[in-house]
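Each chain gets a letter, A, B and so on, in the order its sequence line appears, and its residues count up from 1. All heavy atoms count here, side chains included; hydrogens, waters and symmetry mates do not.
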Number of protein chains: 2
Amino acid sequence: MANMNSALMALADPTRRAVFECVGQSPRSVGEIAGGLPVSRPAVSQHLKVLKDAGLVRDRADGARRIYFVDPKGLEPLREWLDRFWGDALEAYAREIEKQNQEKGGRS
Amino acid sequence: MANMNSALMALADPTRRAVFECVGQSPRSVGEIAGGLPVSRPAVSQHLKVLKDAGLVRDRADGARRIYFVDPKGLEPLREWLDRFWGDALEAYAREIEKQNQEKGGRS
DNA sequence: ACAGAATGTAAGTGATAACTTACGGTAAGT
DNA sequence: ACTTACCGTAAGTTATCACTTACATTCTGT
């Protein structure tokens, strides 16, 4: 998929986000990632599959191992959505606070 | 809570994100929000509670109605995390691609 | 005071997701 | 060729989540 929805769903789970951040520090194998987390290796493998389907990570072969590394492109849709929403939210919030102040001052 | 984890979990659900974006366009009541979505009004109420606990929206009384509006502060932790991770990811990705090119060129 | 509107909450249900163990497949070393 | 290491996937279980209907509460207007 690799759209914003799949990226958000993938990053929502704390364990999976820990996997993502671990891979973000430096490219690592599945066993290395699982070694630093309180879950089994297959669990990490499944998390990596979700992250890969979301376009957040990619992998390459290294002998019998598989090295995973982050793909910044996967974060781009999320960044764009957040930036756009951020601007609108700031404006709307300013208008809302102004409205509340008017209500306070204008009451009988 | 109002940390990054709760914000991500709250925004992961498509319906709840639709509620969030609807409120983001302009402050609205619960009934107005539910009118534009294919779910019941109590469902919207529950989604708003999650968004409120995550610090993403706030509400004010308006007679018998409740007007909900976005709070940009709720998005701030998520923005900071994403910006920081974005920079690291770009560097790491550049190193990774460089390494892959070296492997290609350096093979016997 | 009463009727109606708007909302929050409780209870129950179906689906989904995260995790485990068990198994199959591929690559490296002896 | 055989063993070992590393990984992905299937099957099953448990918990959580999103949704619905039913009910309680608060506010407004008559």
Quick one: what's the B/S/- string for nucleotides 24-30 of chain C, heavy-atom cutoff under 4.0 Å, read 5' to 3'?
---SS--
Report yes if at least one side-chain N or O of [X] is closer than 4.0 Å to OP1 or OP2 of [N]; otherwise report no.
X	N	result
B:Tyr68	C:dG8	yes
A:Ser45	D:dG8	yes
B:Ser29	C:dA6	no

Write down the protein N/O and nucleotide N/O pairs, taken from nucleotides 16-25 of chain D, whose separation is under 3.5 Å; answer none if there are no such pairs.
unit_1	atom_1	unit_2	atom_2	d
D:dA18	OP1	B:Arg16	NH2	3.1
D:dA18	OP2	B:Arg16	NH1	3.3
D:dC19	OP1	B:Thr15	OG1	3.0
D:dC19	OP2	B:His47	NE2	2.1
D:dT20	OP2	B:Ser40	N	2.8
D:dT20	OP2	B:Ser40	OG	2.6
D:dT20	O4	B:Gln46	NE2	3.1

Is the backbone of A:Ser29 close enough, under 3.5 Å, to the side chain of A:Arg65 for a donor and an acceptor to pair up by distance?
no
Do [X] and [Y] come close enough that some side-chain heavy atom pair is under 4.5 Å?
X	Y	answer
A:Val50	A:Phe20	no
A:His47	A:Arg17	no
B:Val70	A:Asp88	no
A:Arg28	A:Cys22	yes
A:Leu82	B:Arg79	yes

Please state how far atom [atom1] in [X] lies from atom [atom2] in [N], giving the value in whole angstrom units.
X	N	atom1	atom2	value
A:Arg66	D:dC7	CZ	C1'	9 Å
B:Arg60	C:dA6	CZ	P	16 Å
B:Leu51	C:dT7	CG	P	16 Å
A:Lys52	D:dT9	NZ	C1'	14 Å
B:Ile67	D:dC27	CD1	P	15 Å

Aromatic plane relationship, B:Phe69 with A:Tyr93 - under 30° parallel, 30 to 60° tilted, over 60° perpendicular:
tilted
Run the salt-bridge test on A:Lys49 and A:Asp53 with the 4.0 Å N-O cut-off and return the result as yes or no.
yes
Rounding to 0.5 Å, atoms CG (B:Leu51) and CZ (B:Arg58) come to a distance of 14.5 Å
Taking the nucleotide of DNA chain C with the nearest heavy atom to each, does B:Arg65 or B:Lys49 sit closer to the 5' end?
B:Arg65
